[in-house]
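Inspection log for the structure reproduced underneath, given as structure tokens.
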Amino acid sequence: MKIKGKKLGGSDTKFAYALLSPSLILLVLLIGYPLIYNIVISCQEVPLNPRLPSEFVGLQNFTEVFTDQSFYKSVLVTLLFTAVVTIISTVLGLLTAVFLNRSFAGKKLVNSIIILSYVVPSVCLIFTWRYMFNNIYGIINYFVKDVFHFVDAPPLWFDKPASAFILVAIFAIWKFFPYAYISFNAILQSMDNTLYEAADIDGATSWDKFKAITYPAIKPTLVTVVSLRTIWVFYIYTEVYLLTKQVDVLGVYLYDMAFATHDFGKAAAISIILFVFIFALIILIRKKVLRVEEE
């Protein structure tokens, strides 16, 4: 090990590892042990009573998962939901950051309003949406039925799979797009404006400036935003479960498997499958977004 061009001796290396050991032990306890334990119980039939012994069943839990039609339905719903929310929230955050990348009166107030949905606790926002779209006293149905008379009967927004999916997706986009906005805005604020001024002199269009100047600068951040947002949305649970029971994403499916049917072994098998799947998906995203410069 070297520090500022100097080699560390054996005692220095041991001292460095001693300083790192609390963090390493914490990582092993918080990540390593649960991961290993999850792999172990995925090959077992775990009884509800913790005093009873578990029975080793090998790959039976994985076989049951891959033969369960509800699992494939949840996968398709989750993939569609993840793609819609991740793409739209990222694009919306980028467009907002580019549009607001200038000086104007009240910019701090506008930034505060934009990030408000991201910093407010999710439970508050979820129940606000539930009240807004309530079929009896919700303000949305009041305007749709009583004011504009678009419908004869108040729609049951969260009781139908199609409308529930759309509303939950809109909620997730509104909730999460400020993260993309903050990330892109930080990069754009640090860029040299003389690059854009030179492009204006050369007669470059807005799209040309974006391709030649903006995109290369934000590309690492774009990969990070897309990767993290894909992981977070893929495992989304709270927002969906508290809003409606009609959108059967994998987070809800996994929860029901573990705590409704108490099939802990199968739930563990599902979590391992999802981990492998999301890991492969993130690698694919990084390869698609981070193209080699020669191309």
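Numbers here simply count residues along the sequence, with the first being 1. Note that this is a predicted model, so its numbers are computed, not measured.
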To check you understand the geometry: which heavy-atom pair defines the closest contact between [X] and [Y], and what is its length?
{"X": "Val249", "Y": "Val240", "value": "CG2-CG1, 4.0 Å"}
{"X": "Gln246", "Y": "Pro161", "value": "OE1-CG, 3.7 Å"}
{"X": "Pro155", "Y": "Asn135", "value": "O-CB, 3.8 Å"}
{"X": "Tyr72", "Y": "Val65", "value": "CE1-O, 4.5 Å"}
{"X": "Ala97", "Y": "Phe184", "value": "CB-CB, 3.8 Å"}
{"X": "Leu92", "Y": "Ile173", "value": "CD2-CG2, 4.3 Å"}

Donor on one side chain, acceptor on other, Ser271 and Asn38, under 3.5 Å: yes
Trp157-Asn134 side chain donor-acceptor pair, cut-off 3.5 Å: no
Above 12 or not: heavy atoms from other molecules or residues under 6.0 Å from [atom1] of [X]?
{"X": "Phe279", "atom1": "CZ", "result": "no"}
{"X": "Lys107", "atom1": "NZ", "result": "yes"}
{"X": "Tyr235", "atom1": "OH", "result": "yes"}
{"X": "Lys73", "atom1": "NZ", "result": "no"}
{"X": "Ile139", "atom1": "CD1", "result": "no"}
{"X": "Glu45", "atom1": "CD", "result": "no"}
{"X": "Tyr37", "atom1": "OH", "result": "no"}

Check against side chain to side chain contact (heavy atoms under 4.5 Å, CB included), Gln189 and Asn101: CA-CA 7 Å; Gln189 291 292 320; Asn101 186 31; 3.3 Å; yes
Are the side chain of [X] and the backbone N or O of [Y] linked by a donor-acceptor pair below 3.5 Å?
{"X": "Ser117", "Y": "Trp174", "value": "yes"}
{"X": "Thr90", "Y": "Ile87", "value": "no"}
{"X": "Ser190", "Y": "Ile187", "value": "yes"}
{"X": "Asn61", "Y": "Ser42", "value": "yes"}
{"X": "Thr78", "Y": "Leu250", "value": "yes"}
{"X": "Thr82", "Y": "Leu79", "value": "no"}
{"X": "Ser89", "Y": "Thr86", "value": "yes"}
{"X": "Arg130", "Y": "Leu125", "value": "no"}
{"X": "Ser74", "Y": "Asp248", "value": "yes"}

Quick check: do [X] and [Y] have side-chain heavy atoms less than 4.5 Å from each other?
{"X": "Val98", "Y": "Leu188", "answer": "yes"}
{"X": "Tyr181", "Y": "Asn111", "answer": "yes"}
{"X": "Asn185", "Y": "Leu100", "answer": "no"}
{"X": "Ile170", "Y": "Phe165", "answer": "no"}
{"X": "Val168", "Y": "Glu239", "answer": "no"}
{"X": "Ile88", "Y": "Phe177", "answer": "no"}
{"X": "Thr230", "Y": "Ile278", "answer": "yes"}

Check for me whether the distance between the ring centres of [X] and [Y] falls short of 6.0 Å.
{"X": "Phe234", "Y": "Phe81", "result": "no"}
{"X": "Phe176", "Y": "Tyr118", "result": "no"}
{"X": "Trp129", "Y": "Phe158", "result": "no"}

Electrostatic pair Asp68:Lys266 at N-O distance under 4.0 angstrom: yes
How long is the gap from [atom1] on [X] to [atom2] on [Y], to the nearest 0.5 Å?
{"X": "Asn141", "Y": "Met132", "atom1": "CG", "atom2": "CE", "result": "11.0 Å"}
{"X": "Tyr215", "Y": "Leu94", "atom1": "OH", "atom2": "CG", "result": "10.5 Å"}
{"X": "Lys160", "Y": "Leu167", "atom1": "NZ", "atom2": "CG", "result": "12.0 Å"}
{"X": "Thr244", "Y": "Phe133", "atom1": "OG1", "atom2": "CZ", "result": "12.5 Å"}
{"X": "Ile236", "Y": "Lys175", "atom1": "CD1", "atom2": "NZ", "result": "10.0 Å"}
{"X": "Thr224", "Y": "Lys219", "atom1": "OG1", "atom2": "NZ", "result": "12.5 Å"}

[X]-[Y] co-clustered via ILVMFWY side chain contacts under 4.5 Å:
{"X": "Phe143", "Y": "Leu156", "result": "no"}
{"X": "Leu95", "Y": "Ile182", "result": "no"}
{"X": "Val40", "Y": "Ile273", "result": "no"}
{"X": "Val223", "Y": "Val91", "result": "no"}
{"X": "Tyr33", "Y": "Ile41", "result": "yes"}

Pairs meeting criterion ring-ring contact (aromatic ring centres under 6.0 Å, His included) with involvement of residues 88-113, two or more places apart: none
Which of parallel (below 30°), tilted (30 to 60°) and perpendicular (above 60°) describes [X] and [Y]?
{"X": "Phe150", "Y": "Phe148", "value": "parallel"}
{"X": "Trp232", "Y": "Tyr179", "value": "perpendicular"}
{"X": "Phe127", "Y": "Tyr131", "value": "tilted"}

Trace of the side chain to side chain contact (heavy atoms under 4.5 Å, CB included) decision for Val247 with Val77: CA-CA 8 Å; Val247 182; Val77 172; 4.1 Å; yes
Passing candidate, side-chain contact (heavy atoms from CB on, under 4.5 Å) with Ile270, options Phe275, Phe71, Phe62: Phe71
